Amino acid sequence: MAGGPAAGGGASSSTFAGIRHWLLLPSWLVIGFFLLLPVLLMLVYSFLTKDFRGGVIWEFSLAAYDQFIFDRGLFGDEPPTIEWIYIQIFWRSIWQALLATILCLVIGFPTAYFIATRPQNTRMLWLFLITVPYWVNLLIRTVSMKFLIRDNGPLNEWFLAAGLLDSPIRMINTDFAVQLGLFYSYLPFMVLPIYASVERYNFALSEAAADLYADRWTALRLVVIPAVSPGIIAGCILVFVPSLGAFLAPDLLGGAKNFMIGSLIEEQFKGNAGNWPFGAAASMILLTMVLIVLMIYARQQARGEREGR
Amino acid sequence: MAAKAHDIRRYPAFLWITLLCLFVLYGPLIIVMIYSFNDSVSITRWGGFSLRWYEDVFFGPEAAKFKAAAWNSLSIAVMAATSATMIATCAAIAMIRGGSFRGKSMTFALISLPLMVPEIVTAVATLIFFSAISFTRGYFSIVMAHIVFCIPFAYLPISARLQGIEATYEQAAQDLYASRSQAFWQVLMPLMMPGIISGFLLAFIISLDDFIITNFVKGAGIETLPTAIFGSVKQGIKPNIMALSTLMLMVSIFFVTVSYFAGKSGAKTER
């Protein structure tokens, strides 16, 4: 820890060491009390019995987790059979999030590369253009996309008017719409870290590759991409993690057939019909998956740093 | 055929992909903007230019609902962003000027926790928490939830700015017999200001933007703009919603542009 983030601070950047605990107290209290404690409470709730009017009965039960895997009939007394619905929803969420990540990477990498190789003065402007939509309300962006690709939306109307289509193509409520929505939501998360990596990349390496008779694409594949891979990995994680738990894009663009984890969780808390322990358990599983991804990433980062020295 | 040495870094196709990227990002927004000026009840057929849907937003049958929602959104965002910025400023000073101490990396993990936990999980956990302590959900529960997830967004630009300010400034002030609090208020604080402003703006926009967490913790009878729009869109996209969206879009773009140029001039004064 010694000599860690004291960059530029000189010998002692600890002017406020004496009162640091007082300064940190508000963050500890607020995040500890209103986030950490609630997450722990959620873990407890996932092991309780559901109350039929919403909420819980304080009785220990594994029913919420059991329900994910087994179907025991309406009254819970039939021999258990494997319940595929929830496994399918989780599997579909992982798959959708992966596809969205790949889509973001395929479009985001060339974009980030292009921006990073602009002259210094226009670089910031390009980056600004890419990030502005991110600051527009996510709900509004998703609704705009829904408006555009509806069955009788402008896109279909134009294609019909131009004679490219005979009848409207169905885009809304498909996997494609969800992909598009996730791509649209999280693209800047892919572009920014890759941009940061490419900007630090030493282009003399590409020139060396060219001197050794590599063509552009070989140089890109064998030299540039390995060198900027930390940015690529960071970008993939930043897109994958929020896509996995996304709610708006699957809910508004995907419809009922393209249910993802987010909608499954939301349904358990809506009105009085839901099942709180089941919703809490689904949230715990989602959180566990995300934390595993983040932990693998952190470990790899640490290893990379050790090897870098 | 041999490419010139400096050509190796250029991939002409990448320009087109970047333009495609911008097209996809901006296309839907621009379309909605255009159609919000459509003088037609059918939302897709173009019926000429008109401001009738803007009039509808401000004076139509749903005007009272939108006004209340806008007021809630703005007041919640101001309160949440102000609190989060103060908390984050204190934390940044302790983390960057507080020397090294036990639990520093744990503290950093705690501050970034709202970024790591998926939004829907935060929403569920907060709902369960307020329900378990039998707290009536409403305005206050929204503000508390927003403060929590705004903290890391305020923290990042503030700590980045503070890291770029050398400790010699406040040390020089203290050598000249300024007390620690004078050194803070008169030297460090003005230097940190660009970071604090962009931290505040970031937190403000993030708070305005939030739908999922607000939807879970809001309780009955209170709406913010996103929850009101979501409720309305569930019954189909109406033209007045497009007008309202266009207005909100403009506000976001205005704030981002201001914070971009504030950041730019801040970076200049640093030199």
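Treat the numbers as computed from the prediction; the structure is a model and nothing was measured. Order of the sequence lines fixes the chain letters, A, B, ..., with proteins taken first and strands second; residue numbering starts at 1 for each chain.
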Step-by-step side chain to side chain contact (heavy atoms under 4.5 Å, CB included) determination, Asn137(A) to Leu249(B): CA-CA 7 Å; Asn137(A) 198 302; Leu249(B) 217 147; over 6 Å; no
Most chain A-contacting option - heavy-atom pairs closer than 4.5 Å, from Val24(B), Asp210(B), Leu188(B), Ile253(B): Val24(B)
Among Thr89(B), Leu19(B), Leu29(B), residue most engaged with chain A (heavy-atom pairs, under 4.5 Å): Leu29(B)
Non-hydrogen side-chain atoms of Asp251(A) and Lys234(B) separated by less than 4.5 Å: yes
Greater than 12 external heavy atoms within 6.0 Å of Trp22(A)'s CH2: no
Most contacts with chain B, counted as non-hydrogen pairs under 4.5 angstrom, among Val44(A), Leu36(A), Leu25(A), Ile140(A): Ile140(A)
Worked verdict on Leu22(B) versus Trp126(A) for side chain to side chain contact (heavy atoms under 4.5 Å, CB included): CA-CA 10 Å; Leu22(B) 290 176; Trp126(A) 280 102; 3.7 Å; yes
Pairwise side-chain contact, Pro133(A) with Tyr26(B), heavy-atom cut-off 4.5 Å (strictly under): yes
Where Leu139(A) and Pro226(B) come nearest, the two heavy atoms and their spacing: CD2-O, 3.0 Å
Side chain / backbone / both / neither for Leu23(A) at chain B, heavy atoms under 4.5 Å: both
ring-ring contact (aromatic ring centres under 6.0 Å, His included) between Phe33(A) and Phe129(B), worked out: CA-CA 10 Å; Phe33(A) 197 68; Phe129(B) 172 74; 5.5 Å; yes
Under 3.5 Å donor-acceptor, Asp209(B) side chain and Leu138(A) backbone: yes
Heavy-atom pair count under 4.5 Å with chain A, highest-scoring of Met116(B), Met86(B), Glu119(B), Met33(B): Met116(B)
Side chain to side chain, Trp276(A) and Leu127(B), heavy atoms closer than 4.5 Å: yes
Side chain to side chain contact (heavy atoms under 4.5 Å, CB included) evaluation trace for Phe101(B) with Leu24(A): CA-CA 12 Å; Phe101(B) 56 93; Leu24(A) 286 174; 3.5 Å; yes
Side-chain touch Ile17(B)/Phe114(A), heavy atoms, less than 4.5 angstrom: no
Ile111(B) to Ile31(A) - nearest heavy-atom pair and separation: CA-CD1, 3.8 Å
Parallel, tilted or perpendicular: ring planes of Phe14(B) versus Phe109(A), cut at 30 and 60 degrees: perpendicular
Within-4.5 Å side-chain heavy-atom neighbours: Tyr45(A) and Ser131(B): yes
Atom group of Phe211(B) that falls short of 4.5 Å from chain A, counting heavy atoms: side chain
Passing option when Leu25(B) is tested against Leu129(A), Val136(A), Val132(A), Leu187(A) for side-chain contact (heavy atoms from CB on, under 4.5 Å): Leu187(A)
Selection from Leu20(B), Ile205(B), Ile87(B), Ile229(B) maximising heavy-atom pairs under 4.5 Å formed with chain A: Ile87(B)
Chain A contact via Leu110(B) - which portion, at a heavy-atom distance below 4.5 Å: both
Which portion of Trp158(A) sits near chain B, non-hydrogen atoms under 4.5 angstrom: side chain
Choice from Val290(A), Thr131(A), Ile149(A), Val56(A) maximising heavy atom contacts with chain B below 4.5 Å: Val290(A)
Among Val106(A), Leu248(A), Val241(A), Leu291(A), residue most engaged with chain B (heavy-atom pairs, under 4.5 Å): Leu248(A)
For the student: nearest non-hydrogen atoms of Ile120(B) and Gly262(A), plus distance: CD1-O, 3.4 Å
Portion of Tyr184(A) that has a non-hydrogen atom of chain B nearer than 4.5 angstrom: both
Minimum heavy-atom distance between Pro38(A) and Ala125(B), given as atom pair plus value: CB-O, 3.4 Å
Residue, of Ser252(B), Cys90(B), Ala123(B), that accumulates the most heavy atom pairs under 4.5 Å with chain A: Cys90(B)
Heavy-atom pairs under 4.5 Å with chain B, option from Val39(A), Val224(A), Leu287(A) with the top count: Leu287(A)
Atom of Leu41(A), atom of Ala132(B) and distance for their closest heavy-atom approach: CD2-CB, 3.5 Å
Between Gly103(B), Ala13(B), Pro114(B), the one whose heavy-atom pairs under 4.5 Å with chain A are most numerous: Pro114(B)
Side chain, backbone, both or neither of Val143(A) within contact of chain B (heavy atoms, under 4.5 Å): both
Atom CZ of Phe108(B): over 12 foreign heavy atoms under 6.0 Å: no
Contact check, side chains of Phe34(A) and Thr126(B), non-hydrogen atoms, under 4.5 Å: no
